[in-house]
Amino acid sequence: MRTHQRHVFMCVGPRCAPEEGRAQAVFERMGEMIDARPELAVKRTRTHCMVACRYEGPVMVVYPEGVWYQRVNEANAERIVNEHLIGGREVGDLIFHRLGEGDTCAPEPKDD
């Protein structure tokens, strides 16, 4: 195992991913984005249900920050890689929970 500074866990369903295999495809694409930047030192692990399905899945958690993201489709995975893992800025509109900050909360309604 290579040295890493962050560990990303991503749910690949099946409950939170309506399209069979779609979450796995996003996980694999995220891996390509991470592997293209070896200086990131990010390890990633696929999981099955992380019991957060009442939120919009698939979900991902980034450690050591303990930031939980929802709606991790391909575009949002790219945002998380670019903004959080590379840029060091959390992607606030996708966060639904933070480690050590109490119970999870429902996502804020979106203004359309």
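What you see is a predicted model; the values in this text were computed from it and never measured.
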**Item:** Audit row: Val62, Met60, side-chain contact (heavy atoms from CB on, under 4.5 Å) steps and yes/no
**Value:** CA-CA 7 Å; Val62 178; Met60 175 194 305; 4.3 Å; yes
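- Within the 4.5 Å cutoff, the side chain of Val8 has no heavy atoms near those of the Lys43 side chain.
- Arg44 places a side-chain N or O within 3.5 Å of a backbone atom of Phe27 that can act as its donor or acceptor partner.
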**Message:** Between Val61 and Thr47, is the side-chain contact (heavy atoms from CB on, under 4.5 Å) condition met? List the steps.
**Reply:** CA-CA 11 Å; Val61 60; Thr47 71; over 6 Å; no
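- In Gln5, the CD atom is not crowded: 12 or fewer heavy atoms of neighbouring residues, nucleotides or ligands sit closer than 6.0 Å.
- Taking all atoms of both residues into account, the shortest heavy-atom contact from Gln70 to Val59 is CA-CG1, 4.3 Å.
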Sequence neighbours excluded and cut-off under 3.5 Å, please list the side-chain donor-acceptor pairs for residues 32-42, or say none.
| unit_1 | atom_1 | unit_2 | atom_2 | d |
| --- | --- | --- | --- | --- |
| Glu32 | OE1 | Arg29 | NH1 | 3.3 |
| Arg37 | NE | Glu39 | OE2 | 2.6 |
| Arg37 | NH2 | Glu39 | OE2 | 3.2 |

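- Sequence neighbours left out, the pairs with a member in residues 78-91 that pass salt bridge (charged side-chain N to carboxylate O under 4.0 Å, His left out) are Arg79-Glu83, Arg79-Asp93, Glu90-Arg98.
- Taking every heavy atom of both residues into account, Ile80 and Val91 meet most closely at CA-CG2, 4.0 Å.
- Contacts of His4 classified as ring pair (Phe, Tyr, Trp, His ring centres under 6.0 Å), with partners at least two apart in sequence or in another chain: His7.
- When the side-chain hydrogen bond (donor to acceptor under 3.5 Å, both in side chains) test is applied to Glu74, the partners found at least two apart in sequence or on another chain are Arg22.
- A pairwise comparison of heavy atoms in Ala23 and Pro58 identifies CB-CG, 3.6 Å as the closest pair.
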**Check against side-chain contact (heavy atoms from CB on, under 4.5 Å), Ile95 and Tyr69** = CA-CA 4 Å; Ile95 295 172; Tyr69 289 109; 3.5 Å; yes
**side-chain contact (heavy atoms from CB on, under 4.5 Å) evaluation trace for Val81 with Ile86** = CA-CA 6 Å; Val81 169; Ile86 295 171; 4.1 Å; yes
